[in-house]
Amino acid sequence: MITNPFIESRDLFAKDLSDRLSVEDFKKIFTPVFANEAIGKVCQNGKYDISILRTYGIEVKNFYFDTMLASYILDPDQKHNMDSLSEKYLKYSPIPLTDLIGAKKNPELIFNVDEKTLCNYAAEDSDITFRLYEKLSAELKKENLEKVAYEIEFPLAPVLEDMERAGVKVDEKALNKFNMRLEKLIDEYKKKIWEIAGEEFNINSTKQLQVILFDKLKLPKSKKTKTGFSTNAASLEALKGKHEIVDTLLDFRQVTKLRNTYVDALPKLIHPRTGRIHTTFNQTVASTGRLSSFNPNLQNIPIRTELGKEIRKAFIAGNDRNVLLSADYSQIELRIMASICEDETLMKAFHNKEDIHRSTAALVFMTPPEEVTPDMRRKAKEVNFGILYGIGAFGLRNRLGISQAHAQEIIDTYFNTFKNVKAFIDNSIQTAKAKGYAETLFGRRRYLRNINSDNRTVRQFEERVAINMPIQGTAADMIKIAMINIFNELEKRKAKTKMVLQVHDELIFDMPEEEVDEIKPVIIELMENALPLKVPVTVDAGIGKNWLEAH
DNA sequence: GGATTGAGTCT
DNA sequence: GGAGACTCAATCC
């Protein structure tokens, strides 16, 4: 598919492509092809092409194949840009775009390129994409990856385009107001730190901070970094109570992070015409099958701390008749693990709708469930997370601040209780070693080329990946299927509800209040049944005027 | 000016 | 020395 590099994907409004081609002419030329259901479309990064064409009022029909996505499905850790794919699969290096518009890639220069050069470049682009399609479609079939492609990734692309275009409303005034509060705090903390340190220095500089903490104030050093000793939050936590500077430092870090990364940055990304923030979802970066979000990343909006919650509050419904609906999978990764390993104890806990961390605590600490203390539950929660990540006694000791022997004891008891979980872990590693890759319930793969490495650190890392990827990846498969089904259902019902965000196990919708009664149960049902497991899958859904309220 | 490092945010 | 991402400021080259 030929697209004009002058048009930026962030441009949601049509403009003439040049003095020779009006929007009307553009539509006239391309609509008969792209809007024709009988013509299948083969693209490299079709989400982008779909977006450009929609900007011009052309709805792409029959989006059939995407070479970039195919490459990602075949081997997610490779490069997926067209030039790389061409070199890899066609042994051919395409005309570099920089030949046309210079090393600095100034898009305006495209107008200086003569027509013949431009045509050759564009025609080659299309030719390569089609040749790649021939190679990659055969490869998908051969590797048994057609389901992931045709049932998940290809149909998901237009859904993501629609979400990006919808965007999410952010309350700029609320952020500005919060900013004033943060500025005051930053100033206060900064002065206090300087006063305690006895000198003014750049607190953001780890280099300067190390001198203050470890040389001047003689605080005990803990973890090493490449360039010195760590001043990160975990290290500072360990120093709490040893010196009054530590608490203020942690507070300073928190508020500067909130200001720099969110409160200052988000308003700049509000689109002047839509008044909303339009993130971009990357469908081909995460090795496990998850999505990522950038410019801005809306998958790491704070929620943990009181100050952080203020930022979530600034994500609001599109207008005063709308609400946000947040629907998230409950304990999805543990449910997937239970389903894969068919552990009776774990499956029973989910069938009985138990609080899984409490039940784990009861079994691991051999205590009646009603006598489980908050601290026991917290520890069990860490154990459950640790299991999903392939943790060892060393890691658990660090997380819980207990002795390694005690950590080992907890792990032993856990595996003794959940016998199939131990079998699942061993089996995941063995299968990955034998096949050379880990895979999800749906068949998505991730190659583990170093799982037989002689280097213990390298090998053990991939052993942990072999445990985690099938779980995290299956959760990704599940929510992606749900997104496709929900999108289609909303379209079928001609609903005004828009899906606007995905945060790994959660979907956010911006919807008219009067649609809630009809649509909310539909969303829950489609999420819960997207990819049936051997344990119940449950979704919690809430509504509110802002994201914090809804979640 | 681009790349790296260390830090912190989320699931 | 638990999995997966993205962003920011300082520093390095």
Side-chain angles (χ1 to χ4, degrees), chain A residues 76-77 104 201-210 223-236 249-250 252-266 268-269 279-305 307-309 311-312 328-329 331-333 337 382-400 404 407 411 425 428 438 446 456-473 475-476 479 501-507 547 551:
Chain A
D77 294 314
K104 283 174 283 177
F201 67 103
N202 186 346
I203 309 168
N204 292 318
S205 161
T206 46
K207 212 177 155 208
Q208 293 181 40
L209 185 60
Q210 282 167 10
K223 210 177 75 177
K224 267 200 161 193
T225 65
K226 284 180 186 174
T227 53
F229 289 93
S230 178
T231 70
N232 68 19
S235 306
L236 293 180
L249 210 42
L250 286 166
F252 177 86
R253 284 259 177 85
Q254 191 203 159
V255 292
T256 52
K257 178 71 181 178
L258 292 180
R259 182 192 61 178
N260 294 334
T261 307
Y262 303 103
V263 178
D264 277 352
L266 291 176
K268 292 180 188 148
L269 293 165
T279 186
T280 303
F281 290 103
N282 195 325
Q283 211 176 338
T284 58
V285 286
S287 314
T288 55
R290 273 189 177 177
L291 297 174
S292 73
S293 151
F294 69 100
N295 192 12
N297 181 358
L298 295 184
Q299 292 181 322
N300 72 343
I301 299 304
I303 188 165
R304 229 181 61 256
T305 67
L307 287 171
K309 285 186 167 72
I311 299 184
R312 282 234 166 185
D328 66 290
Y329 285 109
Q331 303 295 349
I332 190 59
E333 295 197 344
M337 187 178 78
E382 290 286 354
V383 172
N384 278 329
F385 273 107
I387 295 294
L388 298 172
Y389 298 144
I391 199 176
F394 181 91
L396 192 64
R397 181 197 72 176
N398 287 347
R399 295 291 305 183
L400 293 178
Q404 193 153 337
I411 290 173
I425 288 172
S428 298
R446 175 177 179 181
R456 192 167 123 265
T457 310
V458 172
R459 184 182 64 247
Q460 289 183 339
F461 174 77
E462 295 219 334
E463 287 177 356
R464 290 195 293 275
V465 172
I467 298 164
N468 178 262
M469 185 275 171
I471 299 169
Q472 195 185 114
I479 197 166
L501 293 177
Q502 187 253 46
V503 192
H504 310 309
D505 66 355
E506 175 188 15
L507 294 174
W547 193 0
H551 189 78

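Below, chain A is the first sequence line, B the second, and so on; all start at residue 1. All values below were derived from every heavy atom in this structure, side-chain atoms included, with hydrogens, water molecules and symmetry-related copies excluded.
- Every residue meeting the side chain to side chain contact (heavy atoms under 4.5 Å, CB included) condition with A:Asn384, not counting sequence neighbours, appears here in chain and number order: A:Leu334, A:His357, A:Thr360, A:Tyr414.
- For A:Thr206, the side chain to side chain donor-acceptor pair (under 3.5 Å) test picks out no residue, with sequence neighbours left out.
- Applying the side chain to side chain donor-acceptor pair (under 3.5 Å) test to A:Thr227 and every residue at least two apart in sequence or in another chain returns nothing.
- Using a 4.0 Å heavy-atom criterion, one finds that A:Ala265 contacts the sugar-phosphate atoms exclusively.
- Within 4.0 Å of A:Gly395, counting heavy atoms only, lie sugar-phosphate atoms of the nucleic acid but no base atom.
- Backbone-only contact: A:Lys226 has heavy atoms under 4.0 Å from sugar-phosphate atoms and none from a base.
- Base contact: A:Glu382 has a heavy atom under 4.0 Å from a base atom.
- Residue-level contact check: A:Thr231 touches the backbone only, with heavy atoms under 4.0 Å from sugar-phosphate atoms and none from bases.
- As judged by a 4.0 angstrom heavy-atom cut-off over every strand, A:Leu388 is placed among residues making no nucleic acid contact.
- Within 4.0 Å (heavy atoms only), A:Ile303 reaches sugar-phosphate atoms of the nucleic acid but no base atom.
- Residues satisfying the side chain to side chain contact (heavy atoms under 4.5 Å, CB included) test with A:Arg399, not counting sequence neighbours, are A:Glu382, A:Ile391.
- Taking atom C1' in both C:dG2 and B:dT5, the straight-line distance is 22 Å, to the nearest Å.
- Under the 4.5 Å side-chain criterion, counting only non-hydrogen atoms from C-beta, A:Phe252 is in contact with A:Asn204.
- Every residue was checked against the salt bridge (charged side-chain N to carboxylate O under 4.0 Å, His left out) condition with A:Lys223, not counting sequence neighbours, and none meets it.
- Within the 4.0 angstrom heavy-atom criterion, only backbone atoms of the sugar-phosphate kind lie near A:Gln208; the bases stay farther away.
- Between A:Lys224 and A:Phe229 the shortest side-chain heavy-atom distance falls below 4.5 Å.
- Within the structure, the salt bridge (charged side-chain N to carboxylate O under 4.0 Å, His left out) test picks out the following pairs touching residues 284-297 of chain A (sequence neighbours left out): A:Arg290-A:Glu333.
- The stretch residues 464-472 of chain A has no heavy atom under 4.0 Å from DNA chain B, so no residue of it qualifies as close.
- Heavy atoms of A:Ser287 sit under 4.0 angstrom from primed sugar atoms or phosphate atoms, though from no base atom.
- With hydrogens and angles left out, the side-chain atoms of A:Asn282 and A:Thr284 include a donor and acceptor closer than 3.5 Å.
- Legend: residues meeting side chain to side chain contact (heavy atoms under 4.5 Å, CB included) with A:Ala438, ordered by chain and number and at least two apart, are A:Leu448, A:Met469, A:Pro470.
- Using a 4.0 Å heavy-atom criterion, one finds that A:Arg446 contacts the sugar-phosphate atoms exclusively.
- Among residues two or more places apart in sequence or in another chain, the salt bridge (charged side-chain N to carboxylate O under 4.0 Å, His left out) test is passed with A:Asp77 by A:Arg446.
- Here the range on DNA chain C touched by chain A, meaning any atom under 4.0 Å from one of its heavy atoms, is C:dG1 to C:dC12.
- In this structure, A:Ala476 reaches neither bases nor backbone, as no heavy-atom distance under 4.0 Å exists between it and the strands shown.
- Taking A:Thr261 as the reference, A:Lys257 meet the side chain to side chain contact (heavy atoms under 4.5 Å, CB included) condition, with sequence neighbours excluded.
- In 5' to 3' order, the nucleotides of DNA chain B bounding all contacts with chain A (an atom under 4.0 Å from a heavy atom) are B:dT5 to B:dT11.
- At a threshold of 4.0 angstrom between heavy atoms, the contacts of A:Asn398 with the nucleic acid are absent.
- Nucleic acid contact class of A:Gln254 (heavy atoms, under 4.0 Å, all strands): sugar-phosphate only.
- Residue-level contact check: A:Arg312 touches the backbone only, with heavy atoms under 4.0 Å from sugar-phosphate atoms and none from bases.
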